[in-house]
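All chains are named by letter (A, B, ...) in the order of the sequence lines, taking the proteins before the strands, and each is independently numbered beginning at 1.
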Amino acid sequence: MMWPFTPAFPLQIWPSQASVGAREMDALFLTELGISALMVLLIFGCIFFFAIKYHRRSPNERPRPIRGGIMLESAWSGIPLLVFLVFFFWGAKIYFANAAPPKDAMQIYVIGKQWMWYVQHPAGQREIDELHVPAGRDVQLILTSQDVIHSFFIPAFRIKKDAVPGMYTTEWFRATTPGSYHLFCAQYCGTSHSHMIGTVYVMKEADYEQWLAGARGEPMAVAGGKLYVRYGCDNCHGRICPTLSRLYMQQVGLADGRIVRADDAYMRESILDPGAKIVAGYPNLMPSFRGVLSELEVLELIAYIRSLGTPALAGEGAGIGAGQGLGTAAGIAAPDAREQQGNQNATPPDANPHVTQSDRSSEIQKREGGEVRTQ
Amino acid sequence: MPSTSTYYKIFALLMILAFATTGIAFIDLGIFNPIVAMLIAVTKATLVVLFFMHVRYQGRLTFVFAIAGFCWLLILLLLISTDYLTRGWLPLPGAIPPMGF
Amino acid sequence: MAASTEPLVGRTPNYLNAEHSVKSWLLTTDHKRIALLYLVSITVMFALGGIFAMLIRIELITPQGDLLSSDSYNRAFSMHGIIMIFFFLVPSIPATLGNFLVPMMVGARDLAFPRINLLSWYLYIAGAAVMLYVMVTGGVDTGWTFYAPFSSLFSNGRVTLTVVAVFIAGFSSILTGLNFIVTIHTMRAPGMTWGRLPLFLWSHYATAVIMVLATPVLAVTMMMLGLEHVFHIGIFDPALGGDPILFQHLFWFYSHPAVYIMILPGMGVVSELIACFSRKRIFGYGFVAFASLAIAILSFLVWGHHMFVSGQSAYAGMVFSILSFLVAVPSAIKVFNWTATMYKGSISYDTPMLYALGFIGLFTMGGLTGMMLATLGIDVHVHDTYFVIAHFHYIMVGGAVMAYMGGLHYWWPKLSGRMYPEIWGRISATIIFLGFNLTFFPQFIAGYLGMPRRYHAYSPEFQVYNVLSSAGASILAVGYLMPLIYFFWSMRYGPRAPANPWGATGLEWKTASPPPTENFEQPPIVLEEAYHYSDEEAPIA
Amino acid sequence: MPEAAASPIHSRMKHQFETLAQQHHADTLGMWVFLGTEVLFFGGLITAYVLYRTAYSAAFAHASLTLDIVSGTVMTVVLLGSSLTMAMAVHAAHLGHRKTLAVFLILTIVLGLAFLGIKGHEYYQKWEDHHIPGPGFVWDGPDARAAQLFIYFYFALTGLHALHMIIGAGIMGVLLLQTALGRVRTYTVEISGLYWHFVDIVWIFLFPLLYLVDRHK
C-alpha cells in the first residue's frame, strides 16, 4: 500500500512574502514572537527552577507565606501593559494602512459565490478562481458576495477580508515578487468551502500588459450600458426620473431632507431598493431590481453610471445641497443648473479622494461608455 | 415599606408621565423626540424600581443588582455603535456598507 | 441527620450511601449528587465531542479529503464545536466541581436554590437530548458560530433543532450562575468574609456574573436565527434589509465572555492546587481575586476582536483591539502570582500539581498567542486560520481541560471517598501534556503558513503539520482514556480516602470524605484566611 | 378592617438556610439576578431594533404610524395600573390582609388580561391589514422592505413581552389559588411582584420605542 505522505522538502515553515504589506506584518509578528518566546522561557524557567529548588523535603514542612507587594504587582501589570500598547499602535498602523487603499490604486471587483471566486476587471477581463495582477502596482479589490459570507485570503500578501452579501468591502496590496500564490476562502461558507480556492498570479508589468491584451471580455461600463438599455432604464431616467449623467459622487438631496453622497453603496441600494432613498422632487416609480440583477450586473450598472462622469468643478465643490440642511431644491432635482451652482458650497473634507479616484476610472471607461450612449 | 398613599402618589406621577410621553411625541423636537421619550421612560422605570419594587427601602446590594442589567445593556449598545457609527468614516471609494449611519 | 453517627457496616453515612434508589438520584436536590449527575453527563458529551475530533484528525492526515465527504466533514467539525463548547466546556468545571464545592467552601448545607439546581441539570439533559437527536438524524453543518446568512438561509443541516438545543442549554447555564451568585452572597458561614473566600469562589463568582449577563443575549440571538431559518423572515438577511454582521456582534457579545466562562473556573481550580501543593498562601491573593472580577467585566468589552476582517468599521476594530490588550493584563497578573507562589514553597509533584503546572505553561502560550490575535495588523493574516484554532485550543484544552482534570484528581477523594492510583495519574498527566503539545503546536505553524480553518481538503505543503497533529491527537486520546479507566477502578478498589489527604486548607477538607448529605456535622465557623498553611509570616516581598 | 388582626404568613424555612431572614434575602436576590438576565434577553433584541431604526429612520417612522397610538396609550395606562394593584397586593400580603390581597390579585390579573386583550386586537388588525411579515406582506408605503423589518420587530418585541405577561398572569393565578386556600406566603407574593413590575418596565420602554417613533409628522 502506498503511504500517501510525501512531505515537500525543504519543509516550509514561513509563508512566502510577496507584497509590501507582508514584510511589514512579518516584522511585527516576529517582534511579538520574540517577546512571547522570552516570556514563555521566563515562566517555564521559573516553574522548573522553583519546582526543583523548593521540592518538598519533609512532610511537615510549613513554608512561611509571602504577602504580595504592591510594587511587584504594579510592575508586572504595568510593564506588560506598556508592551501591549506598543503592539497595539504598531498593529493599528498596519491595519489602517490596510484599510484605506491609495487613491490611485487600480480596482478589481471580486464576487464570492458558493463555491467560486468571480473576478471582474473594469476593462473587461473576467476570471474564475484566478487573479492576475502586475507587480509593483497598488491593487484594490472590491468584494461582495452573491450568497453567504466568504473571505478573500491571500496568505503571501497577508491580507484577508470578508466578502459580505449586501455590502461592498475592500482590501488592497502591492505585490512585489512575480509568481503564483494561494488564494483561499477563509470564512466557512458551506459544503465545498475547502474547494473555494484559487491562484493569484503576480506578473511583471510587461507580462501583465500581454495578459491584458490576450484576455477578452467586455468592459464593465459597456456591459452596464447594455443592461441599461435592455432593462429600459433610459425610458425614465433623464425624463421623469433623475438623470444619471455626472451623478457619481454627487451630493443628492432626498425627499426626507437628508443629503447623501451618490457612491457605490447608494447606487446599489437605489437599484435594488429604489424606495429607500428617493431624490427630492421625484415620484417613487422605479421597480426593485432585487432578484432580477446579479451582483455582477449591479456592479456593471454602477460602472456605467461612473462612466457618465463625475460632477463638474469637482475640486471646488462637488456637493450641491451639501451642508445646507434643506438641500432638496438645489439637489439633483435641477441637474442642468448644477454647473452654475456647483461651487456654492464647501467641499466635504473627504470628497476629494473619491473625485480624484473616480475621475481616473471614468477616464479609462470614457471611450466605451460614449459608444453605448450613442447606440 | 412605603405606605399605600406613596403608591397612589407614584401611580399618579406615572400616569402624568405616560400621557406626557404620548403628548410630547406629537410636538416636533427634531432629534430630541426620541431622547425625551427615552428620558421619560427611564424616569418611569426608575420610579417603578425604587418604589413599587422597594429598591429604595433595601440595601445597596439590591440596588447594584437592579442596575447591573441596564449597565450591561449600555455596554452592548455603546460598543456596538462604535461599529455602526463609524462605518462611513473612512473614505473608501466604492466600499461603503449600506448599514452605516 | 439528627440520628446516630454510628458506622453502618464499617462506613459512616454519607451523601453517596444515604439512599440507593434511582429516584433518589434523579430527583435529588443535593448539590453533591447533582454534581455527580453533571459529571456523568458531561463525560458522555466529552467523549462524543472527542470522537468527532478524532474523525477530523483522521480525515486531515491526507490533504485530499478522501475519508469523509465534504458534507460529513463539515458536520463533524460543527458537532465537535457545538458539543465541546455548549455541552462540555461551559458546564465542565462550574457544574461539576463548582456545584460540588461552592456550598462546601462557603460552609453551607446546599446551594441557595437546590430545586433550581436540579432543574438546571434537567435543562442540560433536555438540550443534550435534542443535540443527540440532531446528531443521529443528520447533524448540522453551520460550525459552532452559526454565522448568518449561511446558517439561517443556506445550510442544509438541522439548524432549527440545534438552535433549540443551544437555547435550552443556555438556560441551564443561567440557572447555575444565578445559584452561585446568590449562594456566595447570602450563604457564607459565620466568619467567611469576602477577604477570606478561597480563590475558587472568587473565580466562580466572576463566572456566574458572565453566565447571567451574557447568556440571555445568545438565547435571543439563537431565537432570531431559528425564526429566520424556519420562516425565512428575519433581521440578518441582507435581501430583507438586514445586516449579517449584526449577528456576529450579538453572537460574540455572548461567545467572547463565554471563553471566560470556560477559563475562569479553571483559574480558580489552579489557584487552589498551587496553594495546596506549595503549602503556601497564594501570592497577591487580593490581586488574583480582583483580577477575576476584572476579567469578568472586561470580557464584555472585547468581542469585536473576532471581527477585524468582517467588514466592521476599522475604528471599531481599533477600540476592540485596545480593550483586548487590557483584558490580557489581569490574566498576566494571575500567571505571575501563581509562579511567585511557588517561590520558597514546599512543592510536591502529585498529579493535580502536574496538571496545574501544565495549565500555567499552556495558558501562558495560549495567552501570548492571544495577544498576537488582538494585534490588528497580525489578526488580518491569521484570522480564520489554524493559528486561531491552535490558540484557542491552548486556552480551552491546555487551560480549561487541564484545570478540570487537575481539579477532578484533587477533589476525587472528596467526591468518591477513594484515592486514585497516584502513579497512573502522573503518567497520564504527562501523556496529556506531551500529546497536547504535539497536537496543537504544529497548528500554529500551519496557521501562519495560511491553512484556513474548516478545510476538508488542503494544500499538500500543510501535510507535515497535520500528520504531526493527528499523531498527537491519538496520544492525547490515550491520555484521556487512562483517567477514565482508573477513576472507575478506584471507585471499587481504590484505598479509602481520609478527610484531608493533601493536608489542604479549606472547609471542604474539614468534613469527611465523602461528606455527609448535610456537608458538615456542625455548621462551620471560619476564623482564618484562606490558605492558612502556616502561622508564621514572612516579610513582605 | 375586619382582618386587621391577621399577621403576615411566613415562609417555611428550607433546610439549606440558617434563618428566615437569610432565606428571604436569598429569594429576593435570586429574583433580581433573574431580572438582570431578562434585561439582556430583551436587550439583545432592543439593540438590534435601535440599530435598524437608525439605519432606516424614515421607513421606521412611517411604519410606526400604522400602530394605533390610542390603544398603545391605553395599554400603557392599563399596565401601569396593574403595577399599582400589584404593589398594593404585596402591601396587603405584608400586613397579612388576605381578602385585600385576593382583591388586588384579581385586579392585577384582570388588568393583565385586559392588556393582552388589547394586544390581541392589535395583532388581529395587523392580520386584517396584511401587515404580517412574510410572503403575504402588503405595504403601500415607499420602502416595504424596511417597513417589514419594523413590523417584524414589533411582533418579536411585543410577542416576547406578551409571553412574559401570560406567564405573569399564570403566576398571579397560582398566588390567588394559594390565597384562597390560605397557603400563600408573603415572600412569594413579594417576589412574584418583582417579576410583574419588571414586565411592566419592559413595556414602559417598548411603548415609546415602537409607537412613538415620529408621531409629529
Please determine whether ring-ring contact (aromatic ring centres under 6.0 Å, His included) holds for the pair D:Trp32 and D:Phe34, giving the CA-CA distance in whole Å, both sets of side-chain angles, and the decisive distance to 0.1 Å. CA-CA 5 Å; D:Trp32 277 107; D:Phe34 177 70; over 10 Å; no
In terms of heavy-atom proximity below 4.5 Å to chain D, should B:Ile27 be classed as side chain, backbone, both, or neither? backbone
Please report the closest heavy-atom contact between D:Pro133 and D:Ile151, naming both atoms and the distance. CD-CG2, 3.8 Å
Among D:Leu212, D:Val90, D:Thr37, D:Val33, which residue forms the greatest number of heavy-atom pairs with chain B at distances under 4.5 Å? D:Leu212
Check each atom of D:Phe42 against the heavy atoms of chain B and say whether the ones under 4.5 Å are side chain, backbone, both or neither. neither
Non-hydrogen atoms of chain D under 4.5 Å away: do they reach the side chain of B:Ala66, the backbone, both or neither? both
Any side-chain heavy atom of D:Tyr56 within less than 4.5 Å of one from D:Phe150? no
Minimum heavy-atom distance between D:Arg98 and D:Thr179, given as atom pair plus value: NE-O, 3.2 Å
Can you name the side-chain contact (heavy atoms from CB on, under 4.5 Å) partners of D:His91, sequence neighbours left out? B:Thr4, B:Tyr7, D:Leu95
Is there a side-chain contact between B:Thr21 and B:Lys44, using heavy atoms and a 4.5 Å cut-off? yes
Using a 4.5 Å cut-off on heavy atoms from C-beta on, say whether the side chain of D:Val189 contacts that of D:Gln178. no
Look at atom CZ of B:Phe63 and say whether more than 12 heavy atoms of other residues, nucleotides or ligands are closer to it than 6.0 Å. no
One option among B:Ala45, B:Ala37, B:Ala18 has the most heavy-atom pairs under 4.5 Å with chain D, and it is B:Ala45
For chain B, which residues from residues 68-85 of chain D have at least one heavy atom closer than 4.5 Å to it? D:Ile69, D:Thr73, D:Thr76, D:Val77, D:Leu80, D:Gly81, D:Ser83, D:Leu84
Contacts of residues 191-204 of chain D with chain B (heavy atom under 4.5 Å): D:Leu194, D:His197, D:Phe198, D:Asp200, D:Ile201, D:Ile204
Taking every non-hydrogen pair under 4.5 Å, which of B:Val49, B:Ile10, B:Val48, B:Ile67 racks up the most with chain D? B:Val48
Given a strict heavy-atom distance threshold of 4.5 Å, which part of D:Val213 is in contact with chain B: side chain, backbone, both, or neither? neither
D:Leu210 side chain reached by D:Tyr49 side chain, heavy atoms, under 4.5 Å: yes
Chain D heavy atoms under 4.5 Å from B:Val55: which part of the residue, side chain, backbone, both or neither? side chain
Could you check if a side-chain atom of B:Asn33 sits within less than 4.5 angstrom of a side-chain atom of B:Asp28, using non-hydrogen atoms only? yes
So with a 6.0 Å cut-off around OH of B:Tyr57, is the heavy-atom count from everything else above 12? yes
Does the side chain of D:Phe207 reach to within under 4.5 Å of the side chain of B:Thr22, using non-hydrogen atoms? yes
If only side-chain N and O atoms count, and only distance matters, is there a donor-acceptor pair under 3.5 Å linking B:Thr46 with B:Thr43? no
Neighbours of chain B found in residues 154-164 of chain D - heavy atoms under 4.5 Å: none
Less than 4.5 Å apart, any side-chain heavy atom of D:Trp139 and any of D:Arg145? no
B:Leu79 and side-chain contact (heavy atoms from CB on, under 4.5 Å): which single residue from B:Asp83, B:Leu77, B:Thr82 fits? B:Thr82
Do D:Tyr187 and D:Gln23 make a side-chain contact, defined as non-hydrogen atoms from C-beta onward lying under 4.5 Å apart? no
With a 4.5 angstrom heavy-atom cut-off, which part of B:Tyr8 approaches chain D: side chain, backbone, both or neither? both
Are B:His54 and D:Glu190 linked by a side-chain donor-acceptor pair shorter than 3.5 Å? yes
